[in-house]
J.: 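Here you go, one structure.
Just so you know, residue 1 is the first one in the sequence shown, and it goes up from there. Quick caveat: nothing in here was measured; it's all calculated off a predicted structure.
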Amino acid sequence: ETFPNMADNRGSKVAKVKNKHAAPVQITAEQLLREAKERMLEYIPPPPKVKFHDQEELNEYRLQKRRSFEDGIRRNRGAIGNWIKYAAWEDSQNELDRARSVYERALDVDHRNITLWLKYAEFEMKHRQINHARNVWDRAVAILPRVPQFWFKYSYMEEMVGNIAGARQIFERWMEWRPDEQAWYQYINMEQRYSELDRCRAIFERLILVHMDPKNWIKYAKFEIKLGQVLKARTIYERAMEFFGEEHMDPALYIAFAKFEESQKEYERARVIYKYALDRIPKAQSQELFESYTVFEKKFGNRAGVEDVITSKRRFQYEEEVKENPLNYDAWFDYLRLCEADLAVDATRDVYERAVANTPPAAEKKLWRRYIYLWIYYAVFEELVVEDASKAREVYKACLRLIPHQKFTFAKIWLLYANFEIRQKDVSAARKALGAALGKCPKEKLFKGYIQLELQLRDFDRCRTLYGKYLEFNPANCATWTKFAELETELGDIERARAIYELAVNQPLLDMPEVLWKSFIDFEFELLGEFDRARELYQRLLEKTNNVKVWISFAQFEAAVGDDDAVRRARSTFSKADQEMKVQGLKAERLLLLEAWLAFEEGTGDEAAVAAVKAKMPRRIKKRREVETEDGVQGLEEYYDYIYPDEEASAPNMKLIERAMMWKKMQAAKAAADPLSLLAAGEGAAADGAPSGPAEDEESAPRVKDDDEVSVASTSSEEEDD
């Protein structure tokens with residue numbers, strides 16, 4: 001961004017860009033391409049159609065076209081796309097021999113190009129040149145035998161022309177190269193289309209020896225099942241089990257075998273197969289097998305047996321996990337949920353005892369957070385599931401004895417124990433437990449829980465005592481003071497509540513004093529209607545802080561009193577606040593105050609007062625100041641400043657800014673009226689050495705943005721303060 005020049009600066013140096021940082025909005029290459037596509041900047045119109053009137057003209061066109069193709073090939077002989085285009089053009093001219101010649105020349109250049117062979121063979125097939133196509137395919141599969149696309153298209157062509165023996169011969173040649181399973185299945189599908197089932201079986205027998213994968217055995221068996229040959233299918237499955245043995249057992253094979261027996265309603269056979277596999281396949285690999293067995297038993301077996309099998313397997317898995325890492329509390333939680341679902345009380349209690357015996361290795365609270373829930377779940381299990389209250393009490397007490405309360409504690413376990421005693425109708429035991437907790441390790445959560453318990457029991461004297469202890473423990477907690485005062489208010493003791501608030505606001509240190517003062521003011525104003533006391537509180541608060549929000553709230557309070565003098569007092573408050581903001585130099589806060597004052601005056605409907613407040617409104621200007629980043633790089637930073645009407649006299653450069661604004665408007669008017677005269681005037685002024693406007697030095701000269709925004713580049717701290 002540069003300043004507009006007032007005269008001809010052709011002899012002066014070019015203005016330098018000060019800010020070389022990246023723009024906030026960057027244009028990506030994707031946006032440029034999208035715009036080009038939308039505007040069709042790269043649109044190339046199609047070539048015009050050419051009409052020929054005689055054979056000589058056509059021959060001349062063909063000669064020119066061939067010359068252009070030959071020149072392109074000569075320039076880049078290895079570009080196969082040029083060869084293919086050349087051959088396609090000859091094909092479009094029905095010059096088959098020429099097209100064939102082009103393809104042959106291209107093959108001499110790159111005989112391993114798959115696309116070239118495909119185009120050549122498709123060209124011959126399109127023109128029904130079967131023998132030529134056979135020749136091309138034969139050469140292609142001989143040179144590139146590992147390209148399955150050649151074999152597929154070659155066999156498909158022979159099958160389409162009815163040469164089944166030729167297609168079979170092609171597949172046999174292909175099978176000698178031992179391709180992947182898909183090629184074998186294509187061969188089988190072709191033989192199956194012509195009902196050559198014995199040939200299909202022979203191909204399957206070769207396939208399962210070449211690709212020794214269980215899925216091929218399964219497909220072989222399914223082929224026989226589809227033909228209705230149940231005995232042959234069972235024989236294939238049995239051969240597969242014998243072939244792979246116990247060292248290479250695959251769960252998918254046994255699942256397929258069992259499902260086959262299930263489809264034949266041989267349920268005992270299927271169950272034996274499942275059990276045989278589950279006993280021999282490792283647990284980590286038998287998840288799917290076990291799920292299939294579960295589904296089978298749910299459909300055809302006993303439910304109790306199924307659930308017992310599932311539980312036993314999962315119990316074995318969890319035992320392995322906790323044996324590997326006894327401090328893996330998540331595994332213990334899963335194991336305990338399994339035991340509780342099984343409703344085996346003794347077994348569950350035994351697992352709980354084993355789990356809680358694995359205490360964390362160090363007395364650090366982060367290591368105990370998960371462990372403590374084992375005790376909690378143990379106590380809840382004894383209380384709710386077993387319904388043994390004495391055992392649950394023992395669990396709670398054992399847990400509390402185990403926790404190192406001198407270093408840390410868990411308020412949750414204390415509160416759960418107290419609530420447990422309340423449920424057992426032993427209030428004294430609950431109070432003793434919470435009292436012991438506060439004596440050993442006082443915490444805010446313990447105080448809150450104890451107070452809440454006494455509130456539920458309606459023992460308000462104890463609540464007062466607890467609040468007193470709580471405030472002795474943490475007198476800076478404003479929420480506690482507020483809750484204590486609210487309790488006294490609900491009990492109808494207004495003087496006690498007021499005394500509590502007075503004690504609170506006189507504390508030397510508070511965590512959230514604004515919340516406390518607001519609660520105190522609301523207590524006096526909204527609850528009791530004590531306007532004088534609320535006003536006195538505002539004045540005391542303003543002695544402690546000069547926050548603009550407090551002033552605005554004070555003024556709104558004065559306006560909300562509702563008597564005849566309310567508006568005058570509110571205006572007086574706004575005026576005092578304005579003076580305080582002015583004295584302290586808080587320009588942004590003063591603007592917030594004036595906006596609130598203006599909204600108030602607009603609500604009253606006094607136009608003179610509204611005009612008076614508007615006259616106090618500042619003008620916003622943009623300035624620059626030098627900043628230094630953490631890396632030591634210096635630069636300029638733009639910021640907004642506010643100039644108030646009563647401060648303009650003290651600002652040394654405001655008149656210069658106003659003159660610059662007026663000068664800019666005059667120059668714009670002259671340029672609109674007569675641009676040539678403005679240029680001539682500028683040349684004359686430059687020749688005479690007269691100044692052509694504000695100085696060009698960007699560090700000291702003002703820059704006018706528009707009528708109500710001015711940008712000033714400041715070079716000293718004094719000018720920034722102005």
J.: Would you say the side chains of Y194 and E159 form a donor-acceptor pair under 3.5 Å?
T.: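 Yes, E159 and Y194 have a side-chain donor paired with an acceptor closer than 3.5 Å.
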J.: Report yes if the side chains of E90 and R66 come closer than 4.5 Å at any heavy-atom pair, otherwise no.
T.: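 Yes, at least one pair of side-chain atoms sits under 4.5 Å.
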J.: Looking at E172, I want to see if its CD is surrounded by more than 12 non-hydrogen atoms of other residues, nucleotides or ligands under 6.0 Å.
T.: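 Yes.
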J.: Can you list the residues that meet the salt bridge (charged side-chain N to carboxylate O under 4.0 Å, His left out) rule with K299, with sequence neighbours excluded?
T.: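 If we apply the salt bridge (charged side-chain N to carboxylate O under 4.0 Å, His left out) test to K299, skipping adjacent residues, the hits are E262.
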J.: Would you list the pairs meeting salt bridge (charged side-chain N to carboxylate O under 4.0 Å, His left out) in which at least one residue belongs to residues 174-184, sequence neighbours left out?
T.: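 The answer is none; no pair qualifies.
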J.: So does L107 get a backbone contact from the side chain of N113, meaning a donor-acceptor N/O pair under 3.5 Å?
T.: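 Side chain of N113 to backbone of L107, a donor-acceptor pair under 3.5 Å: no, none is there.
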J.: Determine whether the aromatic ring centres of Y318 and W332 lie less than 6.0 Å apart.
T.: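 No: the rings miss the under 6.0 Å criterion.
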J.: Let me see the working for K391 and Y378 under side-chain contact (heavy atoms from CB on, under 4.5 Å), right down to the final yes or no.
T.: CA-CA 10 Å; K391 183 65 176 177; Y378 190 8; 3.6 Å; yes
J.: Just list the side-chain donor-acceptor pairs under 3.5 Å for residues 235-244, sequence neighbours left out, or say none.
T.:
residue: T235; atom: OG1; partner: L231; partner atom: O; Å: 2.7
residue: R239; atom: NH1; partner: E205; partner atom: OE2; Å: 3.1
residue: R239; atom: NH2; partner: E205; partner atom: OE1; Å: 3.1

J.: Taking atom CZ of R74 and atom CZ of R67, what is their separation to the nearest 0.5 Å?
T.: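 R74 atom CZ to R67 atom CZ measures 10.0 Å (nearest 0.5 Å).
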J.: Taking W375 for the side chain and V395 for the main chain, is one N or O donor matched with an acceptor at less than 3.5 Å?
T.: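 No; judged by distance alone, with no hydrogens or angles, the pair does not exist.
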J.: Tell me yes or no: between the side chains of T348 and D346, is some donor less than 3.5 Å from an acceptor?
T.: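 The answer is no; no qualifying pair exists.
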J.: For D108, which residues count as a salt bridge (charged side-chain N to carboxylate O under 4.0 Å, His left out) partner, sequence neighbours excluded?
T.: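 For D108, no residue satisfies salt bridge (charged side-chain N to carboxylate O under 4.0 Å, His left out) once neighbours in sequence are set aside.
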J.: Any sub-3.5 Å donor-acceptor pair from W117's side-chain atoms to H111's backbone N or O?
T.: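 Checking the backbone N and O of H111 against the side chain of W117, a donor-acceptor pair under 3.5 Å is found.
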J.: Test of understanding: with side chain to side chain contact (heavy atoms under 4.5 Å, CB included), list the residues that count as partners of E324, not counting sequence neighbours.
T.: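 For E324 there are no side chain to side chain contact (heavy atoms under 4.5 Å, CB included) partners, ignoring immediate neighbours.
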J.: Within a reach of under 6.0 Å around NZ of K275, are more than 12 heavy atoms found that belong to other residues, nucleotides or ligands?
T.: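 Counting other residues, nucleotides and ligands, NZ of K275 stays at 12 neighbours or fewer.
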J.: Any idea how Y267 and F300 line up, ring-wise: parallel (<30°), tilted (30 to 60°), or perpendicular (>60°)?
T.: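 Y267 vs F300 ring planes: parallel.
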J.: Scan residues 252-261 for pairs that pass side-chain hydrogen bond (donor to acceptor under 3.5 Å, both in side chains), counting only residues two or more places apart or in two chains.
T.: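 Output for this query lists R234-E261.
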J.: Not counting sequence neighbours, which residues clear salt bridge (charged side-chain N to carboxylate O under 4.0 Å, His left out) with E104? List them please.
T.: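 In terms of salt bridge (charged side-chain N to carboxylate O under 4.0 Å, His left out), with neighbours along the sequence ignored, E104 is linked to R139.
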J.: Which residues pass the ring pair (Phe, Tyr, Trp, His ring centres under 6.0 Å) test with Y61, not counting sequence neighbours?
T.: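 With neighbours one apart ignored, the set is F52.
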J.: We want to know whether E340 and Y352 form a side-chain donor-acceptor pair, criterion being a heavy-atom distance below 3.5 angstrom.
T.: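 A pair is found: one side chain offers a donor N or O, the other an acceptor, under 3.5 Å apart.
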J.: Suppose we screen for salt bridge (charged side-chain N to carboxylate O under 4.0 Å, His left out). Which residues come up paired with K126, at least two apart in sequence or across chains?
T.: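 Salt bridge (charged side-chain N to carboxylate O under 4.0 Å, His left out) list for K126, sorted by chain: D91.
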J.: Once you round to the nearest 0.5 Å, how far does CD1 of I255 lie from CG of D250?
T.: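 Nearest 0.5 Å value for the CD1-CG distance: 8.5 Å.
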J.: Just grab all the side-chain hydrogen bond (donor to acceptor under 3.5 Å, both in side chains) pairs involving residues 76-88, residues at least two apart or on different chains.
T.: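 Listed by first then second residue: E70-Y86.
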J.: Do R354 and E319 sit within salt-bridge range, that is, some charged N less than 4.0 Å from a carboxylate O?
T.: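 Here R354 pairs with E319 in a salt bridge, since their nearest N and O are under 4.0 Å apart.
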J.: Measure from the side-chain N and O atoms of R146 to the backbone N and O of W177, and report whether any donor-acceptor pair falls under 3.5 Å.
T.: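 Present.
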J.: What are the two closest non-hydrogen atoms of A183 and F171, and how far apart are they?
T.: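 It is O-CE2, 4.1 Å.
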J.: Is atom CD of E291 surrounded by more than 12 heavy atoms (other residues, nucleotides or ligands) closer than 6.0 Å?
T.: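 For E291, atom CD is crowded (more than 12 foreign heavy atoms under 6.0 Å).
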J.: With distance as the sole test, does S101 use its side chain to make a donor-acceptor pair with the main-chain N or O of D97 at under 3.5 Å?
T.: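 Side chain of S101 to backbone of D97, a donor-acceptor pair under 3.5 Å: no, none is there.
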J.: Is the count of non-hydrogen atoms from other residues, nucleotides or ligands lying under 6.0 Å from R128 atom CZ greater than 12?
T.: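 Counting other residues, nucleotides and ligands, CZ of R128 stays at 12 neighbours or fewer.
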J.: At what distance, to the nearest 0.5 angstrom, does CD of E158 lie from CZ of R168?
T.: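 Answer rounded to 0.5 Å: 12.5 Å.
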J.: Please tell me if the side chains of F150 and L118 come closer than 4.5 Å, counting only heavy atoms from C-beta onward.
T.: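 Answer yes - side chains close enough.
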J.: Counting N and O atoms only, with roles assigned by atom type, does the side chain of N135 sit under 3.5 Å from a partner on the main chain of N131, one being a donor and the other an acceptor?
T.: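 Not confirmed, N135 side chain does not pair with N131 backbone.
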J.: Counting C-beta onward and ignoring hydrogens, is there a side-chain heavy-atom pair between V351 and L338 closer than 4.5 Å?
T.: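 Result no, sub-4.5 Å side-chain heavy-atom pair not found.
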J.: Any pair with a residue in residues 216-232 that passes salt bridge (charged side-chain N to carboxylate O under 4.0 Å, His left out), sequence neighbours left out, goes on the list, sorted by first then second residue, please.
T.: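 Every pair satisfying salt bridge (charged side-chain N to carboxylate O under 4.0 Å, His left out) with a residue in residues 216-232: R201-E224.
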J.: Take atom CD in E56; do more than 12 heavy atoms of anything else shown fall under 6.0 Å from it?
T.: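 No, CD of E56 has 12 or fewer neighbouring heavy atoms, counting only those of other groups under 6.0 Å.
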J.: Salt-bridged, E30 to R34, with N to O below 4.0 Å?
T.: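 Result for this pair is yes, salt bridge flagged.
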J.: Going from CD on Q424 to CG on N419, what distance comes out if it is rounded to the nearest 0.5 angstrom?
T.: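 If we round to the nearest 0.5 Å, Q424:CD and N419:CG are 11.5 Å apart.
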J.: Could you report the tightest heavy-atom contact between F223 and C200, atom names first, then the distance?
T.: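 Looking at all heavy atoms of both residues, the closest pair is CZ-CB, 3.7 Å.
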J.: Rounded to the nearest 0.5 Å, how far apart are CD1 of I403 and CZ of F410?
T.: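 Answer rounded to 0.5 Å: 6.0 Å.
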J.: Can you list the residues that meet the ring pair (Phe, Tyr, Trp, His ring centres under 6.0 Å) rule with H127, with sequence neighbours excluded?
T.: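 Applying ring pair (Phe, Tyr, Trp, His ring centres under 6.0 Å) to H127 gives F123.
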J.: Report yes or no: do N325 and E321 form a side-chain donor-acceptor pair below 3.5 Å?
T.: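 There is no such pair between these side chains.
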J.: Is a salt bridge present between R134 and E124, judged by a nitrogen-to-oxygen distance below 4.0 Å?
T.: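 Result for this pair is no, no salt bridge flagged.
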J.: Between the side chains of E383 and R423, is the shortest nitrogen-to-carboxylate-oxygen separation below 4.0 Å, so that they form an ion pair?
T.: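 Yes, this pair counts.
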J.: Could you measure the distance from the CD1 atom of I208 to the CG atom of D213? Nearest 0.5 Å is fine.
T.: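 Atom-to-atom, I208:CD1 and D213:CG are 12.0 Å apart.
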J.: Measure up the W151 and W174 rings against each other and bin them: parallel (under 30°), tilted (30 to 60°), perpendicular (over 60°).
T.: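 Ring orientation of W151 relative to W174: parallel.
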J.: Should we say atom CG of L384 is surrounded by more than 12 heavy atoms from elsewhere, each under 6.0 Å from it?
T.: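 Yes, the 6.0 Å shell around CG holds more than 12 heavy atoms from other groups.
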J.: Is the count of non-hydrogen atoms from other residues, nucleotides or ligands lying under 6.0 Å from M212 atom CE greater than 12?
T.: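 Counting other residues, nucleotides and ligands, CE of M212 stays at 12 neighbours or fewer.
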J.: Ring-plane angle category for Y220 and F204, please: parallel below 30°, perpendicular beyond 60°, tilted otherwise.
T.: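 Rings of Y220 and F204: parallel, as their planes differ by under 30°.
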J.: Between W368 and F408, is there a donor-acceptor pair closer than 3.5 Å when you use the side chain of the first and the backbone of the second?
T.: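 A pair under 3.5 Å: no.
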J.: Looking at side-chain heavy atoms only, is the closest gap between W184 and N216 below 4.5 Å?
T.: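 W184 vs N216: side chains apart.
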J.: Can you tell me how the ring of Y377 sits relative to the ring of Y373, calling it parallel under 30°, perpendicular over 60° and tilted otherwise?
T.: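 Y377 and Y373: tilted rings.
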J.: Any donor-acceptor pair under 3.5 Å linking the side chain of K365 with the backbone of T409?
T.: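 Present.
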J.: Answer whether the closest heavy-atom distance between the side chains of V102 and W89 falls below 4.5 Å.
T.: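 No, too far: nothing below the 4.5 Å cut-off.
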J.: If you look at every heavy atom in F420 and A389, which pair is closest and at what distance?
T.: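 Scanning both residues, the minimum pair turns out to be CZ-O, 3.4 Å.
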J.: Would you mind checking if R62 and E95 are paired as a salt bridge, meaning a charged N to carboxylate O distance below 4.0 Å?
T.: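 Looking at R62 together with E95, the answer is yes, because their closest N to O distance falls below 4.0 Å.
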J.: Would you say the side-chain atoms of D138 and Y154 include a donor-acceptor pair closer than 3.5 Å?
T.: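 Yes, side-chain donor-acceptor contact under 3.5 Å.
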